[in-house]
Q: 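One structure follows; several queries about it will come next.
First the proteins, then the strands, lettered A, B, ... as listed; each starts at 1.
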Protein chains: 2
Amino acid sequence: MRVRIEDVAAAAGVSMKTVSRVLNHEPGVRQSTRARVMETVVALDYRPDPSARSLAGNRSYLVALLYDNPSPNYLMEIVTGVVDACEQHHYGMVMQPVAFHDPGLADTIESLVNASRLDGLILTPPLTDSQALLDRLDERGVPFSCISPRHPQGRIGVTLDEHEAVCELLAQLIGLGHRRIGHVRGHPDHGASEWRMAGYRSALRRAGLRYDPALVVDGEFSFDSGLAAGFRLLDLPSRPTAIFAANDDMAAGVMRAAAERGLRVPDDLSVCGFDNTPISQQMFPRLTTVQQPTRDMGQVATMQLLGTIRDRGAGRMVKMPYALQGRQSTGPAPAEK
Amino acid sequence: MRVRIEDVAAAAGVSMKTVSRVLNHEPGVRQSTRARVMETVVALDYRPDPSARSLAGNRSYLVALLYDNPSPNYLMEIVTGVVDACEQHHYGMVMQPVAFHDPGLADTIESLVNASRLDGLILTPPLTDSQALLDRLDERGVPFSCISPRHPQGRIGVTLDEHEAVCELLAQLIGLGHRRIGHVRGHPDHGASEWRMAGYRSALRRAGLRYDPALVVDGEFSFDSGLAAGFRLLDLPSRPTAIFAANDDMAAGVMRAAAERGLRVPDDLSVCGFDNTPISQQMFPRLTTVQQPTRDMGQVATMQLLGTIRDRGAGRMVKMPYALQGRQSTGPAPAEK
DNA sequence: CTGTTAGCGCTTTCAG
DNA sequence: CTGAAAGCGCTAACAG
């Protein structure tokens, strides 16, 4: 038979409520009593029943990870971080795919929260780019944590200074003598595409280089879009000597386009990406890119969320560090012809 | 204020229990009553409280997906299928990473189930290869569903005839004139490695080709292990004209090794893999491989699990179809020298 | 076919 | 600092 709180109370010679207090780290229990209760809990191998706890306490000990079709690599890293943080706090995480473009998204999420009594949400890009969605959740008092939101002000979660990261990356390229640098943009829905594009422009400006719109083409974060964009840039009458793609998958596409045009990387063309996904190490030559601490981002975002759940007003927006990964896909600019 | 079953009952002019019966699809309610109740439910936008339901009904409406470090692509496909099936049945799925090599794994899982009152588990490889674990769960009466278990007999879940799939794949290679065919094995922990190896041997036997142990090298499903294995095979005094790697990541490694040795694929060397992961389409040339319906496998495994939960004895082992993906990485064997 | 009565195991009052 | 009682919202068991 299952051990109940009542049994623990009887065995420890206290009331149920005292056991409950100890288990929930509530104040107002003498140290010695607390110790005795804990011993009994361990001795009896007592585990509180989550359903009963939820019903009485009006919370579920569950958070949901909301996502819409991101890269599996990225998402799994986030998941690992989130689950890790949840485990430490005896929370569970449920996966919740949603459709970013669904006009009824906010309603869907709201009824989801109501129906499942979720204690909080973790939002991943591009969901974190929808001001309307975030405002709605705030309005309804649903605790949530954002990963890389487009507008971090006044929200809780994690960000990364992608603008600055791209500036540094581009500064390296410029330092290698590149003057005509192309850019493959990310999916227009993603705030990240904007930041990375802005970083690209800032870097050019800081170096006193002219911004040439012809050198910027749209992509959508996929390998295929990178391939297509690569061809467009490489077939330009005056082609760039370096290309910065807004993520690694597209950079891989660019490298493939270069190969098909008979260009050698990095001798004829330097290529760099963003994200440091596994593919960046499997390409030949290995890709210069920027590493985000994705797993830690999931972890920290979750900890901020759990803080908020426990104590509204406790969570904040945490800035995470990035790290440039200089590898063999970038090199000195070819000599002027 | 939240709508309760009591409110619905009052509004519909029936008892709580009748509402409960309707909501749980229990028999013994007149059609007209059922319809009236449903209308009221919709009108009031009533959602049963999962915690109360769990407490009273003694189940959680939660299943867990257990995994140990599989490929993100594979796992996310599974997740998508599982979540999809769960959604239809108003179940939630929690992610539960575990350590396959932990000697206390069975205990961990057992206490996990007890502590969270999980209704069932979905196990992914290599967890499904541990007879001891599966037996233990059976013994404890925990419902679970297996994805690609090493020994499918008497379990519920999904399998795929990997042996036969590999035979077909190899038969194509042999049909192209290849006689010296290498194999890069998968991680020794995975049943899949055995099946694929066995398929390789069967195909050779059926074609009357001699099995040469020198042409088989160990890998562990990673790109790097495929790269290393590729070098070993290609540096053989009498190297193979085709290589079958037990998964796509390793096949990618082999292709890279070929490139570094100056061999052209498929002119000098044919390469094929298994899994049809995205990388297989991003390589140049595109990789010949075998597609598993991974998402459907997650879906079907979950439906079998939910069936078992509702009615012990309802779930079964479902055989899923595979599909050969012939692409450009395989071609006729080079002429004998 | 439908309703009544007890709990499920915990936390929250509110008293001591 | 500790305890007794009163539910949380639902379903199970038994009546009708």
Q: What is the separation between atom CD1 on B:Ile5 and atom P on D:dC8, rounded to the nearest whole Å?
A: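 For the pair B:Ile5 CD1 and D:dC8 P, the rounded distance is 14 Å.
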Q: Heavy-atom count check: over 12 atoms from other residues, nucleotides or ligands less than 6.0 Å from A:Arg310 CZ?
A: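 Open: at most 12 neighbouring heavy atoms sit under 6.0 Å from CZ of A:Arg310.
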Q: Take atom CD of A:Gln31 and atom C1' of D:dC1, then tell me their distance rounded to the nearest Å.
A: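 The distance from CD of A:Gln31 to C1' of D:dC1 comes to 13 Å, rounded to the nearest Å.
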Q: With the side chain of B:Asn24 defined as its heavy atoms from C-beta on, choose the nearest nucleotide among C:dT12, C:dT11, D:dT11.
A: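 Selected nucleotide: D:dT11.
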Q: Tell me, do B:Glu6 and B:Val19 make a side-chain contact under 4.5 Å, heavy atoms counted?
A: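 B:Glu6 does not reach B:Val19 side chain to side chain.
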Q: Among residues 13-23 of chain A, which ones have heavy-atom contacts with DNA chain C below 4.0 Å?
A: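 Nucleic-acid contacts, sorted: A:Met16, A:Lys17, A:Ser20.
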Q: Considering only heavy atoms, which members of residues 40-58 of chain B lie under 4.0 Å from some atom of DNA chain C?
A: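 Per residue number, the list reads B:Leu55, B:Ala56.
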Q: Please report the C-alpha distance between B:Tyr74 and B:Thr294 in whole Å, then the side-chain angles of each, then the deciding distance to 0.1 Å, and finally whether the side chain to side chain contact (heavy atoms under 4.5 Å, CB included) criterion is met.
A: CA-CA 7 Å; B:Tyr74 175 81; B:Thr294 317; 3.6 Å; yes
Q: Which pair of heavy atoms, one from A:Arg21 and one from A:Gly28, lies closest together, and at what distance?
A: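 That would be CD-O, 4.3 Å.
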Q: Looking at CG of B:Leu62 and OG of A:Ser60, how far apart are the two atoms once the value is rounded to the nearest 0.5 Å?
A: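 Here the rounded value is 9.5 Å.
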Q: Taking atom types as modelled, find out whether A:Asp189 and A:His101 have a side-chain donor-acceptor pair closer than 3.5 angstrom.
A: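 Judged by distance alone, the side chains do pair up.
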Q: Are the side chains of A:Leu75 and A:Leu65 in contact, using a 4.5 Å heavy-atom criterion?
A: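 Yes, side chains in contact.
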Q: Do the side chain of B:Arg312 and the main chain of B:Gly141 share a donor and acceptor less than 3.5 angstrom apart?
A: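 Checked: pair present.
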Q: Give the rounded distance in Å between these two atoms: CZ of B:Arg4 and P of D:dC8.
A: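 So the two atoms are 7 Å apart, to the nearest Å.
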Q: Check the distance between D:dT2's C1' and A:Glu26's CD and give it to me in whole angstrom.
A: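 Whole-Å distance recorded here is 12 Å.
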Q: From C:dT2, C:dG9, D:dA12, pick the nucleotide closest to the side chain of B:Arg30?
A: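 Looking only at side-chain atoms, B:Arg30 lies closest to C:dT2.
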Q: Can you tell me the distance, in whole Å, between the CD atom of A:Glu6 and the C1' atom of C:dT11?
A: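 After rounding, the reported distance stands at 14 Å.
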